[in-house]
Engineer: 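A single structure is presented below for examination.
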Amino acid sequence: MRRVVPLLAALALLTGCSETTGGSGTAGGPTPTSASGSTAPTSAAPTSGSSAGKPADRPKAIDLGKSDPCALLTEAQRAAFGLDRPPRASTSTVYQSPTCDFLRGDRKYGVRVTAVTTTGIAWYTDGSFDVEAQELQVAGFPAVLGSSPEDPQTCYLGVDVSDGQMADVQVAGFEGTPQEELCRLAPQVAGAVVETLVNG
């Protein structure tokens, strides 16, 4: 199993990365629907689909094909999360999709947003991404949180915005930020991303 360069590396360097991982975290309440083990996506090609083979129930379909992930958090939204470093664009080699890192100067945590057009949120539940998965909703859209005790500095969250696509958010801590806090932040960040997409 090939480990993917985490956002933590970007935090350590305070620079952009060329590789991205799965989604991000979630608010503390949802009940886990599946569990696996570690936290790295495998090198297998992403699969298409929505969540766990069920028909998607979302407010609307949003095509991410022309979305710039660096524009999915507005300046005001970035300020609200303390993401005061300039956004850094790259391409996810896992998803073959555009990604963007948003970092804090104090290195408390950072955010990666990926406009994934090669797989839906089934990525979190079909064995492609080895994490404990929890289903939830973000602004009415189906979403899945991925986290693992083996990777306590990261939370992942994928939001189902269209068949075979997802807005993927990763929140990673650097200066000892607890995973619980990262997983509370992830749905807030994802909600901001969805708000930008819906209003775009």
Engineer: Can you confirm whether S147 sits close enough to Q179 that some side-chain heavy atom of one is under 4.5 Å from a side-chain heavy atom of the other?
Structural biologist: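 Sidechains of Q179 and S147: in contact.
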
Engineer: Are the side chains of F141 and V198 in touch, meaning some heavy atoms are under 4.5 Å apart?
Structural biologist: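 Yes; the side chains approach each other to less than 4.5 Å.
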
Engineer: Okay, side chain of E135, backbone of V144: is any donor-acceptor separation there less than 3.5 Å?
Structural biologist: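 It does not hold such a pair.
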
Engineer: Under a 4.5 Å cut-off applied to non-hydrogen side-chain atoms, are V111 and F81 in contact?
Structural biologist: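 Side-chain contact under 4.5 Å: no.
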
Engineer: Find out whether T117 and S97 are in side-chain contact, i.e. whether some heavy atom of one side chain is under 4.5 Å from a heavy atom of the other.
Structural biologist: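 When only atoms from C-beta onward are counted, S97 and T117 do touch, with a gap below 4.5 Å.
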
Engineer: Flag the pair V193 / L73 as yes when at least one side-chain heavy-atom distance between them is below 4.5 Å, and no otherwise.
Structural biologist: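 A side-chain contact under 4.5 Å exists here.
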
Engineer: Would you check if there is a donor-acceptor pair between the side chains of T177 and Q153 at a distance under 3.5 Å?
Structural biologist: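 Absent: no donor and acceptor within the cut-off.
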
Engineer: Apply salt bridge (charged side-chain N to carboxylate O under 4.0 Å, His left out) to R88 and D101, showing your working.
Structural biologist: CA-CA 5 Å; R88 299 210 178 218; D101 289 333; over 6 Å; no

Engineer: Just so I know, are the side chains of L64 and S162 near enough to count as touching, which here means a heavy-atom distance under 4.5 Å?
Structural biologist: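 No; the side chains remain at least 4.5 Å from each other.
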
Engineer: Could you check D151 against T154 for side-chain hydrogen bond (donor to acceptor under 3.5 Å, both in side chains), going step by step and ending with a plain yes or no?
Structural biologist: CA-CA 6 Å; D151 185 9; T154 312; 3.2 Å; yes

Engineer: Output yes when a side-chain donor or acceptor of T118 lies under 3.5 Å from a complementary backbone atom of Y95, and no otherwise.
Structural biologist: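 Yes; at least one donor-acceptor contact below 3.5 Å.
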
Engineer: Should P142 and I121 count as side-chain neighbours, where that means a heavy-atom distance under 4.5 Å?
Structural biologist: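 Sidechains of I121 and P142: in contact.
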
Engineer: Give a yes or no on whether the backbone of A192 and the side-chain of E195 come within a donor-acceptor separation of less than 3.5 Å.
Structural biologist: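 A pair under 3.5 Å: no.
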
Engineer: When you compare the side chain of D63 with that of Q165, does any pair of heavy atoms fall below 4.5 Å?
Structural biologist: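 SC-SC contact between Q165 and D63 confirmed.
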
Engineer: Does the S67 side chain pair with the main chain of P69, one donor and one acceptor, at a distance under 3.5 Å?
Structural biologist: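 Absent.
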
Engineer: Just do the salt bridge (charged side-chain N to carboxylate O under 4.0 Å, His left out) check on D106 and K108 with the steps written out, would you?
Structural biologist: CA-CA 5 Å; D106 63 8; K108 184 177 179 183; over 6 Å; no

Engineer: How many angstroms lie between CZ in R58 and CG in D160, if you round to the nearest 0.5 Å?
Structural biologist: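 If we round to the nearest 0.5 Å, R58:CZ and D160:CG are 4.0 Å apart.
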
Engineer: Out of L103, L83, V189, which one pairs with Y109 under the side-chain contact (heavy atoms from CB on, under 4.5 Å) rule?
Structural biologist: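 The passing option is L83.
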
